[in-house]
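One structure below.
Computed from a predicted structure; not experimentally measured.
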Amino acid sequence: MNWNVKGEFIETCSCNMLCPCWYGVKELMVMDQGWCASAFLIRIREGTSEGVDIGGRSLAMITDFPGPTLLDGNGIGRLYFEDDAGEEQVREIEAIFQGKKGGPMIVLGGLISNWMPSVQAKIEIREEEGMLSADVGEFGRIKSGRLNNEAGQPMTMQNVGFAVALEFDDQTAQLAPSDSRWLDPEMPRQFDTKSGAAAAINWSVG
């Protein structure tokens, strides 16, 4: 299982800012609403898997956990691929982000007991005035804005549970309040988001 992925990992979730799950301490990881639904955008800048070029691809990932904490697991997940992604690209990226090929996604994938069938849809990404948004077909929109302080420096979390477990670059994630909305009728619930973070990833296995 040889693969590598370099890019950007953007998380938004239904908890208030800041989602307690980032801390990685079970006693603190009680979800604001008793459940948690998240919409992620992953932008793969460079990458290969088993000889397949997966660079330049973007995907969305949705997870829904019944709570009361993330570590109770029993989550439901789904991946959404660009409509022009090739069959081999979909196969390899799906295996990576469901945690089936080793690497950091084993952590999150291990908490999901039911992966819904992946789908392909048009993904349109826009960036303007510090805000990133991605429309994913008719399923929903991911919207994330990175926070900077008055000096223009990124407001970050370092060495927190998720940043370490998911092996973000420098074990650091930038705070990024969100305004996502997800409407997939096959997922357990429709939801909006407030919390969020963004980080660079540089993963490899093999």
Any Arg78 side-chain heavy atom under 4.5 Å of Val119 side chain
yes
Could you tell me if the side chain of Ser180 sits less than 4.5 Å from the side chain of Leu41, heavy atoms only?
no
Could you pull out all residues at least two apart from Glu127 that satisfy side chain to side chain donor-acceptor pair (under 3.5 Å)?
Arg43
Give me each pair satisfying salt bridge (Lys or Arg N to Asp or Glu O under 4.0 Å) with a member in residues 130-147, each pair once, sequence neighbours excluded.
Glu8-Arg146, Arg126-Asp135, Asp135-Arg141
Donor-acceptor pairs are to be reported for all side-chain atoms of residues 159-166 against protein atoms at under 3.5 Å, with residues two or more places apart or in another chain.
none

In the hydrophobic clustering that connects Ile, Leu, Val, Met, Phe, Trp and Tyr at side-chain heavy-atom distances below 4.5 Å, which members other than Met131 occupy its cluster, ordered by chain and number?
none
Is a side-chain N or O of Asp32 found less than 3.5 angstrom from the main chain of Asn16, in a donor-acceptor match?
yes
Sort and list the pairs that fulfil ring-ring contact (aromatic ring centres under 6.0 Å, His included) and have at least one residue in residues 70-96, not counting sequence neighbours.
Tyr80-Phe139, Tyr80-Trp182
Would you mind reporting whether Ile44 and Ile201 have side-chain heavy atoms less than 4.5 Å apart?
no
Among residues at least two apart in sequence or on other chains, which ones pass side chain to side chain donor-acceptor pair (under 3.5 Å) with Asp72?
Thr69
To the closest 0.5 Å, what do you measure between OG1 (Thr172) and CD (Gln158)?
3.5 Å
Apart from Val30 itself, members of its ILVMFWY cluster (side-chain separation under 4.5 Å) are none
Using the rule given for salt bridge (charged side-chain N to carboxylate O under 4.0 Å, His left out), can you reason through Asp169 versus Lys6, listing the C-alpha separation, both sets of side-chain angles and the distance that settles it, and then say yes or no?
CA-CA 10 Å; Asp169 281 6; Lys6 184 175 183 180; over 6 Å; no
Donor-acceptor pair between Gln89 and Asp53 side chains, under 3.5 angstrom:
no
Ser204: what forms a side chain to side chain donor-acceptor pair (under 3.5 Å) with it, not counting sequence neighbours?
none
Do the side chain of Gln33 and the main chain of Ser14 share a donor and acceptor less than 3.5 angstrom apart?
yes
Compute whether any side-chain donor of one residue and acceptor of the other, for Thr48 and Asn4, lie under 3.5 angstrom apart.
yes
Tell me the salt bridge (Lys or Arg N to Asp or Glu O under 4.0 Å) pairs involving residues 97-119, sequence neighbours left out?
Glu50-Lys101, Glu92-Lys101
In short, salt bridge (Lys or Arg N to Asp or Glu O under 4.0 Å) pairs touching residues 106-125 with sequence neighbours left out are Lys122-Glu124
Taking only residues two or more places apart in sequence or in another chain, which ones pass side chain to side chain donor-acceptor pair (under 3.5 Å) with Trp22?
Glu11
Please list all pairs passing the side chain to side chain donor-acceptor pair (under 3.5 Å) test where one or both residues lie in residues 106-119, with sequence neighbours left out.
Asn74-Ser113, Glu94-Ser118
How many angstroms lie between CE in Met105 and CZ in Phe9, if you round to the nearest 0.5 Å?
5.5 Å
Taking the side chain as everything from C-beta on, heavy atoms only, tell me whether Trp3 gets closer than 4.5 Å to Ile96.
yes
When you compare the side chain of Asn2 with that of Val205, does any pair of heavy atoms fall below 4.5 Å?
no
Electrostatic pair Lys194:Asp179 at N-O distance under 4.0 angstrom
no
Quick one: does Pro104's side chain get under 4.5 Å of Trp203's, heavy atoms only?
yes
